[in-house]
Amino acid sequence: MSLGERSRELGRSLFYTGKNWITILGFILTTGTGASLVIFWGQELVSTHPIHPYAGIVLFLILPALFVAGLLLMPLGMFLRRRKLRMAGELPTEYPKVDLTLPSVRKLMLGVGLATAANIIIVGTASFKGVEYMDSTKFCGLTCHTVMQPEYTAFLNSPHSRVGCAQCHIGPGAGWFVKSKLSGTRQLFAVLFKTYSRPIEDPVQNLRPARETCEQCHWPQKFSNDKLFIHTKYADDEANTPATSVLMVKIGGNTAMGQVGIHGRHMADGTTITYVSTDGHRQVIPKVTYTDKTGKTIVFESDDFKSIPADKLAKAETRTMDCIDCHNRPTHAFELPERAVDEAMSSRAISTDLPFIKKKAVEVLKVDYPSREAARTQIPAAIAAYYQASYPAVFQQHKDLVDQAGQAVLAIYLRNVFPEMKLTWGSHPNNIGHEDFPGCNRCHDGSHTSADGQTIPADCDTCHVLLAQDEKDPKILKDLGLAK
Ligand code: HEC
Ligand code: HEC
Ligand code: HEC
Ligand code: HEC
Ligand code: HEC
């Protein structure tokens, strides 16, 4: 049989076996969903409103799935009919001729051809859009609302709020994309059956190595010099007495002087720092191994390393240090009440003129509210009630400041406490610094020494120059022209 004859024969057999309800149903399904998809994409092009995440599930995942199901039903119907006919011995040895001279048949063939072309385009576009949608911040952050609410809320308040979840959690390349979709499927079941942990546990065990994600945008070799930090704390007294610290943090990097400072020393090319952690949260680090460019290693052990039982050590995690061993909260940075209130007072979101506001705000934040809804009414009410009862004159005169403070305190609560996810103050430690959590002191505590007597340095000027510590009006700020 020549090629032409064979394809003609195939065409006829398709035409013949295509007349069955499964194929027709598939055709209707595909045409229907295909048309809806095209109309919707057109609308999306002109609309300025972002799509609601639940609508997204229908439009980006369910409709395309039905479309593909329709495409699959068509050949399935043909196959089944063919098989049935063959079993009944009714399969024609020669299919009835399809008369191509008939205009109706030609139209039908043309229609099928066009539909096939359209289908290919629709499948391509739909898969592209589906993937784009599943990697979108809205899908990750809002679809399983309760579960991701804490991370999404913190993310929105972070310097990375314009960076998509996928940029850090998946990053570039196909391998991690597939991995993330597999683990996403597992997570979907965890949400359906409510088996996820509350709060979601840290650390994330299978996070992509940070150097492959963070370094898409940040380049540690580019860091140099120092970074200035000014922190003001307020006391628990009536005047909310301020105390300001000013520090130059030696973030360093790759400079003409070599690998210096914080980034230079831990992230230098060719050097690696590995550590052993025994608590499951990377907060207790009894052993650190430092390998320099030449391959020379120094092993530092903490004072109590020797007393750790062997079985506990066997279960410990060994890890190579990367960005997130310090920046474990680059975007999901949950605060502590004292520090959050200090910051709100520094930025005047909470007025420092209200007597005892620091003390009262922290007290109100630490109450165990049954739900975020309850907190919404109780927090502003508690602040107002306090001034009404204890400082009626202040309340009369500065009701606006009291209300504003109530709202600012509530905002702090809503950013940090999620009773449904059992996430509360301090649930997720932040490893930058050493005042609130162990942070740098997990290794730089003066107790990590090597066999030859070297110690991971812990002097106060190793990492920063303290230009002022807890001063009322630091002179240095005046000198720098930064005094308020
Ligand atoms: C700037 C990078 C970055 C972005 C953007 C980002 N994350 Fe994360 N996320 C991290 C890092 C790093 C961790 C790991 C923390 C750890 O292991 O201690 C993490 C941890 C998490 C966790 C585990 C729980 C926790 O708080 O440790 C969840 C859930 C999560 N992210 C969800 C999201 C969602 C949803 C988005 C988008 C709305 C998002 N992330 C955006 C970097 C990022
Ligand atoms: C897609 C790009 C992108 C990725 C990926 C990314 N960042 Fe960033 N990051 C930014 C931008 C942009 C800023 C600056 C935001 C600003 O100045 O407000 C920033 C700021 C920061 C800052 C300074 C925050 C501050 O308070 O000033 C740190 C620290 C940081 N990123 C760490 C990380 C870490 C760690 C990762 C990987 C887990 C990461 N970033 C991944 C774009 C990115
Ligand atoms: C040993 C701890 C440590 C490691 C490891 C580390 N950083 Fe940092 N990084 C810091 C500290 C401390 C600061 C200063 C405090 C801050 O900005 O939050 C900082 C600041 C930054 C900033 C802000 C710089 C600026 O000028 O505002 C960025 C961006 C950053 N780091 C990215 C990274 C990336 C990317 C990596 C991984 C390649 C990394 N860091 C590894 C401790 C570390
Ligand atoms: C996992 C352990 C570990 C953690 C956590 C850690 N470091 Fe280090 N750090 C080291 C080791 C090891 C060295 C190299 C010590 C040496 O040079 O002998 C080092 C060196 C340094 C140096 C250079 C010191 C010098 O004299 O040259 C600075 C600065 C520094 N670290 C800052 C920090 C800061 C800031 C943090 C917290 C954000 C931090 N480190 C967290 C292990 C750690
Ligand atoms: C291993 C590095 C390292 C060492 C050693 C170290 N610090 Fe720090 N310190 C940091 C980092 C990082 C921060 C956080 C900077 C920031 O983000 O504000 C910090 C923050 C501080 C702050 C500001 C706290 C606040 O938020 O108000 C004070 C005060 C401070 N350090 C004092 C000290 C003193 C005193 C010593 C010596 C006993 C010391 N530090 C040793 C790294 C270090």
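In each ligand, atom 1 is the first atom listed, and ligand 1 is the first ligand listed. The structure presented is a predicted model; accordingly, all values stated were derived computationally and were not measured.
- Using modelled atom types and a 3.5 Å distance limit, the side chains of T455 and T449 yield no donor-acceptor pair.
- Those atoms of ligand 1 with a heavy atom of D202 less than 4.0 angstrom away are 18 (O), 27 (O).
- At a 3.5 angstrom cut-off on N or O pairs, H464 counts as close to ligand 5.
- Contact atoms of ligand 5 toward G433: 11 (C), 12 (C), 13 (C), 14 (C) (distance under 4.0 Å to a heavy atom of the residue).
- For the atom pair E335 CD and Y413 OH, the distance stands at 14.0 Å (nearest 0.5 Å).
- A donor atom on one side chain and an acceptor atom on the other are not found under 3.5 Å apart for D322 and T320.
- The backbone N or O of T153 sits less than 3.5 Å from a side-chain atom of N157, completing a donor-acceptor pair.
- The ligand atoms of ligand 5 that sit less than 4.0 angstrom from a heavy atom of A458 are 5 (C).
- In this structure, atom 40 (N) of ligand 2 is in close contact with the protein, since a protein heavy atom lies within 4.0 Å of it.
- Checked by atom type and distance alone, the side chain of H266 pairs as donor or acceptor with a backbone atom of I262 at under 3.5 Å.
- Heavy atoms of D459 approach ligand 5 to within less than 4.0 angstrom.
- Formation of a donor-acceptor pair under 3.5 Å by the N430 side chain with backbone atoms of R329 is not found in this model.
- Within the 3.5 Å criterion, the main-chain N or O of I170 finds a donor-acceptor partner in the side chain of R208.
- Although no hydrogens or angles enter the test, the distance criterion places a donor-acceptor pair under 3.5 Å between the side chain of D292 and the main chain of G295.
- Judged purely by atom type and a 3.5 angstrom limit, S277 uses its side chain to pair as donor or acceptor with the backbone of V284.
- The ring of F395 has its center no closer than 6.0 angstrom to the ring center of Y386.
- In this model, a donor atom of one side chain and an acceptor atom of the other lie less than 3.5 Å apart for Q283 and N431.
- The atoms of ligand 2 that sit less than 4.0 Å from any heavy atom of H327 are 29 (C), 35 (C).
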Would you be so kind as to tabulate the donor-acceptor pairs closer than 3.5 Å made by side chains of residues 463-472, with sequence neighbours excluded?
from, atom 1, to, atom 2, distance (Å)
H464, ND1, C460, O, 3.3
D470, OD1, S245, OG, 3.2

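- Each of the atoms 27 (O) of ligand 5 lies under 4.0 Å from some heavy atom of K233.
- The presence of a protein heavy atom under 4.0 Å from atom 4 (C) of ligand 2 is confirmed.
- Heavy-atom contacts of H428 reach the following atoms of ligand 1: 25 (C), 26 (O), 27 (O) (cutoff under 4.0 Å).
- R329 NH2, 2.7 Å is the protein heavy atom nearest to atom 27 (O) of ligand 1.
- The nearest heavy-atom contact from the protein to atom 28 (C) of ligand 2 is H160 CE1, 4.3 Å.
- Taking a cut-off of under 4.0 Å to the non-hydrogen atoms of P203, the atoms of ligand 1 that pass are 16 (C), 17 (O), 18 (O).
- Using cut-offs of 30° and 60° for the angle between ring planes, the Y391 and Y387 rings count as tilted.
- Shortest distance from atom 8 (Fe) of ligand 5 to H434 is reached at NE2 (N/O/S atoms only).
- Applying the 4.0 Å criterion to heavy atoms of G164 picks out, from ligand 1, the atoms 5 (C).
- Closest protein heavy atom to atom 2 (C) of ligand 2: C217 SG, 1.9 Å.
- Within 4.0 Å of atom 24 (C) of ligand 2, at least one protein heavy atom is present.
- With hydrogens and angles ignored, the 3.5 Å screen pairs a side-chain donor or acceptor of N416 with a backbone N or O of I412.
- Closest protein heavy atom to atom 34 (C) of ligand 2: C214 SG, 3.4 Å.
- Here the protein heavy atom with the shortest distance to atom 11 (C) of ligand 1 is L207 CD2, 4.0 Å.
- Contact annotation: A210 has no heavy atom less than 4.0 Å from any atom of ligand 1.
- Those atoms of ligand 2 that come under 4.0 Å of a heavy atom in T213, given as number and element, are 5 (C).
- Summary of contacts: the protein heavy atom closest to atom 14 (C) of ligand 2 is P159 O, 4.6 Å.
- Among protein heavy atoms, atom 17 (O) of ligand 5 sits closest to F229 CE2, 3.6 Å.
- Scanning the protein for heavy atoms near atom 12 (C) of ligand 1, the closest one is I324 CG2, 3.4 Å.
- Between the CD1 atom in I285 and the NE2 atom in H444 there is a gap of 10.0 Å [rounded to 0.5 Å].
- The nearest N, O or S atom of C463 is not closer to atom 8 (Fe) of ligand 5 than 2.8 Å.
- Around atom 8 (Fe) of ligand 1, protein atoms of type N, O or S found under 2.8 Å number 2.
- Not a single heavy atom of R282 sits under 4.0 Å from any atom of ligand 1.
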What's the verdict on salt bridge (Lys or Arg N to Asp or Glu O under 4.0 Å) for E338 and K359, showing C-alpha distance, side-chain angles and the deciding distance? CA-CA 9 Å; E338 291 80 6; K359 183 164 184 274; over 6 Å; no
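- Among the atoms of C460, no N, O or S atom falls under 2.8 Å of atom 8 (Fe) of ligand 5.
- Ligand 1 has no N or O atom lying under 3.5 Å from any N or O atom of T137, backbone or side chain.
- A donor-acceptor pair shorter than 3.5 Å cannot be found between the side chains of H231 and D342.
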Worked verdict on D353 versus H398 for side-chain hydrogen bond (donor to acceptor under 3.5 Å, both in side chains): CA-CA 9 Å; D353 296 335; H398 295 297; over 6 Å; no
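- Protein heavy atom closest to atom 18 (O) of ligand 5, with residue, atom name and distance, is H231 NE2, 2.5 Å.
- With respect to atom 22 (C) of ligand 5, the closest heavy atom belonging to the protein is L247 CD1, 4.0 Å.
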With salt bridge (Lys or Arg N to Asp or Glu O under 4.0 Å) as the test, would you mind laying out the steps for D479 and K475 before giving the verdict? CA-CA 6 Å; D479 294 347; K475 180 174 167 304; 2.8 Å; yes
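- The atoms of ligand 1 that sit less than 4.0 Å from any heavy atom of Y152 are 38 (C).
- If you number the atoms of ligand 1 from 1 as listed, the ones under 4.0 Å from a heavy atom of N328 come out as 15 (C), 18 (O).
- Using modelled atom types, one side-chain atom of H263 and one backbone atom of I251 make a donor-acceptor pair closer than 3.5 Å.
- When only interatomic distances are considered, the shortest N/O to N/O separation between R339 and ligand 5 falls below 3.5 Å.
- Across Q167, R211, K227, H218, heavy-atom proximity to atom 7 (N) of ligand 2 is greatest for H218.
- Under a 4.0 Å criterion applied to the non-hydrogen atoms of Q469, ligand 5 contributes the atoms 29 (C).
- The OG1 atom of T289 sits 12.5 Å away from atom OH of Y275, with the distance rounded to the nearest 0.5 Å.
- In this structure, the side chains of P286 and T278 come closer than 4.5 Å at one or more pairs of heavy atoms.
- Looking only at heavy atoms of the protein, atom 15 (C) of ligand 5 is closest to V249 CG2, 3.9 Å.
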